[in-house]
Amino acid sequence: QVQLAESGGGLVQAGDSLRLSCAASGRTVSGYGIGWFRQAPGKEREFVAAISWIGDRVYYVDSVNGRFTISRDNAKNTVYLQMNTLKPEDTAVYYCAATVRYPLGATRTVEYDSWGQGTQVTVSS
């Protein structure tokens, strides 16, 4: 089972940018789909973006499409989430996840096998 560790969260103002990183270790992530999810207090965990580890397929939730970009660096076993034009409603704990069952990517939490501990993103107005 792959182990994941998120980093890059912080406190920013509306309109600012952040880049989150998801570093994988323990086992090769070749053939995995990688996703980013977020969870605000009192709300369910929400899909944000996903990418296939080997291929070029990417997916975004409509609310972040055009502002967020998911990418990968295979040599570093790392997936990134570049977040631009941040809004207060983006405030949440952001998690990365991996799935061996859906290597082309997935959008539901139940489709993922491994999860990181999360990194807090807070956007002030």
Side-chain angles (χ1 to χ4, degrees):
Q1 186 175 5
V2 64
Q3 298 177 6
L4 306 174
E6 305 94 336
S7 62
L11 174 63
V12 298
Q13 295 181 340
D16 286 350
S17 298
L18 282 173
R19 189 180 74 163
L20 305 183
S21 298
C22 175
S25 62
R27 292 181 178 270
T28 178
V29 294
S30 178
Y32 282 69
I34 304 295
W36 282 98
F37 293 78
R38 64 188 181 186
Q39 187 168 21
K43 297 184 178 181
E44 296 183 352
R45 194 164 297 185
E46 175 191 27
F47 168 78
V48 177
I51 188 170
S52 59
W53 192 250
I54 302 298
D56 298 319
R57 296 177 182 267
V58 295
Y59 313 89
Y60 299 98
V61 67
D62 287 344
S63 60
V64 308
N65 194 26
R67 297 189 298 122
F68 291 10
T69 302
I70 188 170
S71 62
R72 67 184 186 275
D73 186 334
N74 289 359
K76 296 181 178 180
N77 282 337
T78 301
V79 174
Y80 303 98
L81 184 67
Q82 178 67 45
M83 305 185 295
N84 297 328
T85 318
L86 283 163
K87 303 176 181 179
E89 52 263 42
D90 295 318
T91 296
V93 177
Y94 283 71
Y95 300 88
C96 64
T99 173
V100 297
R101 293 171 290 170
Y102 303 94
L104 299 181
T107 61
R108 296 181 294 180
T109 59
V110 296
E111 296 171 321
Y112 284 84
D113 307 298
S114 301
W115 293 82
Q117 294 296 311
T119 185
Q120 176 70 233
V121 172
T122 303
V123 185
S124 65
S125 59

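The basis for the numbers below is simple: all heavy atoms, side chains too, and nothing from hydrogens, waters or symmetry mates.
- A continuous path of ILVMFWY side-chain contacts below 4.5 Å connects Leu104 to Val100, so both sit in one hydrophobic cluster.
- Here the CZ atom belonging to Phe47 is positioned 11.5 Å from the OG1 atom belonging to Thr109, to the nearest 0.5 angstrom.
- Across Ala106 and Ala50, no two heavy atoms sit closer than the pair O-CB, 3.6 Å.
- Counting heavy atoms from C-beta on, the side chains of Val121 and Leu20 come closer than 4.5 Å.
- In the hydrophobic cluster analysis, where Ile, Leu, Val, Met, Phe, Trp and Tyr join through side-chain heavy atoms closer than 4.5 angstrom, Tyr95 is grouped apart from Tyr102.
- Without hydrogens or angle criteria, Glu6 side chain to Gln117 main chain gives a donor-acceptor distance under 3.5 Å.
- Put simply, the side chain of Ser114 gets close to the backbone of Val2: a donor and an acceptor are under 3.5 Å apart.
- Atom OG1 in Thr85 sits 9.0 Å away from atom CZ in Phe68 (nearest 0.5 Å).
- Rounding to the nearest 0.5 Å places CG of Leu81 at 10.5 Å from CZ of Arg19.
- Hydrophobic clustering (ILVMFWY, side-chain heavy atoms < 4.5 Å, transitive): Val93 and Tyr80 are in distinct clusters.
- Side-chain contact between Tyr32 and Asp113 is absent, with no heavy atoms from C-beta onward closer than 4.5 Å.
- Rounding to the nearest 0.5 angstrom, the gap separating the OH atom in Tyr94 from the OG atom in Ser7 is 15.0 Å.
- A distance of 4.5 Å separates CG in Leu4 from SG in Cys22, rounded to the nearest 0.5 Å.
- Clustering ILVMFWY residues whenever any of their side-chain heavy atoms sit less than 4.5 angstrom apart, transitively, puts Ile34 in the very cluster that holds Tyr59.
- Side chain of Thr99 to main chain of Glu111: a donor-acceptor pair is present (N/O by atom type, distance under 3.5 Å, no hydrogens or angles).
- To the nearest 0.5 Å, the span separating CZ on Arg38 from CZ on Arg45 amounts to 13.0 Å.
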Check against ring pair (Phe, Tyr, Trp, His ring centres under 6.0 Å), Trp115 and Phe37: CA-CA 10 Å; Trp115 293 82; Phe37 293 78; 5.1 Å; yes
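- Among all heavy-atom pairs drawn from Ala92 and Gln120, the shortest one is O-OE1, 3.4 Å.
- Within a 6.0 Å sphere centred on CD of Glu89, other residues, nucleotides and ligands contribute more than 12 heavy atoms.
- Each of Asp16, Asp90, Asp62 was checked for a salt bridge (Lys or Arg N to Asp or Glu O under 4.0 Å) with Arg67, and the lone residue meeting it is Asp90.
- Linking ILVMFWY side-chain heavy atoms closer than 4.5 Å, directly or via other members, places Ile51 and Leu18 in a single hydrophobic cluster.
- Between the side chain of Tyr112 and the backbone N or O of Cys96 there is no donor-acceptor pair closer than 3.5 Å.
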